[in-house]
Number of protein chains: 2
Amino acid sequence: METTVETTRERLLNVAEQRFGEGGYEGTSLRAITVAAAANIAAVNYHFGSKEALLRAAVARAMAPVNTERRRRLDQLEAGAPPTPEALIRAFVEPGLELVLRRGERGALIARFIGRIAFDPSRRIRELYAVESEPIESRYLAALQQALPKASPDAVAFGYMNMLGLLALHQSQALSPTPGAAGPEDPSKLAENLVTFLVAAFDHGLSS
Amino acid sequence: METTVETTRERLLNVAEQRFGEGGYEGTSLRAITVAAAANIAAVNYHFGSKEALLRAAVARAMAPVNTERRRRLDQLEAGAPPTPEALIRAFVEPGLELVLRRGERGALIARFIGRIAFDPSRRIRELYAVESEPIESRYLAALQQALPKASPDAVAFGYMNMLGLLALHQSQALSPTPGAAGPEDPSKLAENLVTFLVAAFDHGLSS
DNA sequence: GCATAGTTCAAACGGTCGTTTGAACTGGAG
DNA sequence: CTCCAGTTCAAACGACCGTTTGAACTATGC
């Protein structure tokens, strides 16, 4: 296996992913990142322009493959017969967990990063995540509405938000050191459990 | 209506609740809090000892009535026939939403604060929340296991974590200025919708 | 070899952070 | 009135923050 040399830019993105995911944006200093990346502090502003621009680049890079896979699955579903709620839920959840949990520690790191950014206390940071997944959102909402004709638009939006929240929750808990008594699930089964949970809730719990 | 005078200590706790809930712990400075509370910066260390101790006191004060109500409901449920999953879910979710969403803007503020602390990026902050709800947690898990005898302990823990996560999600979105296209639910119906969603997921989605 | 664009570097910038200090004020007890 | 514990205050502490600077280094094209 031949490992190509990492550029300073790549090292900064990698470390940013790790540190922002474990301390949040406000809780992580550029100095902590640049030291861990063996880079000079000024390198951040040279390559990205600012701390927030570094985060923005890291979010975009981390979410790109997830969104690509989601788009691919949506295209595929729209080509065939009207999809079931389960198919749609899988198309959303699995790219967020599988693509990322199957890449070992590195993938779990990315998952944690994405999950934490989506729930960051600061609205400005949360919007960095929202902007990345916004183009997909309307497609999902429309497809979900079609798959659940009995549910009101509000109910569909409510279910979608819950799906998004639970996915981010379990993403953010990737890499967690088995937090005490909390359920240590087999990571390979996590996606399956979450899908089962959400399908049940969508099929029987969106009456309103 | 006679309003009693607020002590500096109370004003600090009130403002801390508001600011920590809208900027997170790291994103909120003591100076921002003391200015808004019309207090001197040194007052924080005089009354609480440190920034983190102020947060700890605010968390404890905000969660006390919620935990009290949860304990009361658990006691009541344990006195009668074995409770259904729905009864247990209500006993957990409703105190977190009703007690707090029915108190107008002030209550929504507290809800947002609790929800954000529970999901803070920093583990040390998250544990401040965990410590507060820890004593109740084992009682809920045991009662849930009894109400869902077919579910494995891992599945019960998984469901509990999802319930906790979704509650915190909707708490943290209290006071949100109707975030764009996101579903603006009738706040009075929120608890009912969330319970319905969770009951369906618990009853049909915890097979593993 | 020389010029040039791209990149890295140590050092410093002004500003804000949480915390501490010691004096000033407050109001009731003796 | 005196005293004293409780509380507030302006000011400063050292540390760290994100950002900027200008020089030094690197490598490629001529």
Side-chain angles (χ1 to χ4, degrees), chain A residues 4-61 113 116-117 120-128, chain B residues 4-61 113 116-117 120-128:
Chain A
T4 58
V5 229
E6 278 180 337
T7 67
T8 297
R9 203 188 133 91
E10 285 164 347
R11 271 177 294 136
L12 283 174
L13 286 173
N14 292 342
V15 175
E17 228 160 34
Q18 183 218 318
R19 298 303 174 102
F20 283 148
E22 104 177 49
Y25 178 74
E26 299 281 3
T28 303
S29 72
L30 283 186
R31 281 172 172 86
I33 292 177
T34 51
V35 165
N40 191 276
I41 318 176
V44 171
N45 284 284
Y46 175 75
H47 286 285
F48 301 97
S50 70
K51 183 187 182 183
E52 187 168 325
L54 166 63
L55 173 65
R56 186 162 33 239
V59 170
R61 194 188 69 163
F113 171 62
R116 289 246 189 279
I117 294 303
D120 191 275
S122 161
R123 168 157 27 182
R124 217 176 64 259
I125 305 303
R126 262 177 281 140
E127 276 173 359
L128 285 183
Chain B
T4 58
V5 227
E6 279 180 337
T7 66
T8 297
R9 202 188 134 91
E10 286 163 347
R11 269 178 295 135
L12 284 173
L13 285 173
N14 292 343
V15 175
E17 229 160 35
Q18 184 219 316
R19 298 303 174 103
F20 283 150
E22 104 178 48
Y25 178 74
E26 300 281 3
T28 304
S29 73
L30 284 186
R31 280 173 173 87
I33 292 177
T34 52
V35 165
N40 191 276
I41 317 175
V44 171
N45 285 284
Y46 175 76
H47 286 285
F48 302 97
S50 69
K51 183 186 181 183
E52 186 168 327
L54 166 63
L55 173 66
R56 189 162 30 240
V59 170
R61 194 188 69 163
F113 171 62
R116 288 245 191 277
I117 294 303
D120 192 273
S122 161
R123 167 154 30 179
R124 217 177 63 259
I125 305 303
R126 264 177 279 140
E127 275 170 2
L128 286 183

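Below, chain A is the first sequence line, B the second, and so on; all start at residue 1.
When each of A42(A) and E26(A) is assigned the nucleotide of DNA chain D bearing its nearest heavy atom, the one mapping closer to the 5' terminus is E26(A).
Of the side-chain N and O atoms in T8(A), none sit less than 4.0 angstrom from OP1 or OP2 of dT7(C). For dT7(C), neither phosphate oxygen OP1 nor OP2 lies less than 4.0 angstrom from any side-chain nitrogen or oxygen of N40(A). At the phosphate of dG18(D), neither OP1 nor OP2 sits under 4.0 Å from any side-chain N or O atom of N45(A). For S29(B), no side-chain nitrogen or oxygen approaches OP1 or OP2 of dT16(C) to under 4.0 Å. A sub-4.0 Å separation between OP1 or OP2 of dT8(D) and a side-chain N or O of H47(B) is present.
Ring geometry, Y25(B) versus F20(B): the interplanar angle falls from 30° to 60°, so the pair is classed tilted.
With dT19(C), dT19(D), dG6(D) as the candidates, the nucleotide lying closest to the side chain of R31(B) is dT19(C).
Annotation: side chain of D120(A) is not in contact with side chain of L128(A) (no heavy-atom distance under 4.5 Å). Counting heavy atoms from C-beta outward, L12(A) and T34(A) have side chains that approach closer than 4.5 Å.
We find that NZ of K51(B) is positioned 19 Å from P of dA15(D), with the value rounded to whole Å. The CG-P distance, from L12(B) to dT7(D), rounds to 13 Å in whole Å. The distance from atom OH of Y25(B) to atom P of dC17(C) is 13 Å, rounded to the nearest whole Å. Atom pair L30(B):CG and dA10(D):C1' shows a separation of 17 Å (rounding to whole Å applied). Across the protein-nucleic acid pair, R9(B) atom CZ and dG6(D) atom C1' stand 14 Å apart, rounded to whole Å. I41(B) has its CD1 atom 11 Å from the P atom of dC9(D), to the nearest Å. Between the CZ atom of F48(B) and the P atom of dT19(C) there is a distance of 13 Å, rounded to whole Å. Atom CG in L55(B) sits roughly 17 Å away from atom C1' in dT19(C) (whole-Å rounding).
Of all heavy-atom pairs between T28(B) and K51(B), the closest is O-NZ, 2.8 Å.
Contacts of T28(B) with the nucleic acid, taken as non-hydrogen atoms under 4.0 Å apart, involve only primed sugar atoms and P, OP1 or OP2.
Looking at R11(A), its side chain does come within 3.5 Å of a backbone N or O of A37(A) through a donor-acceptor pair.
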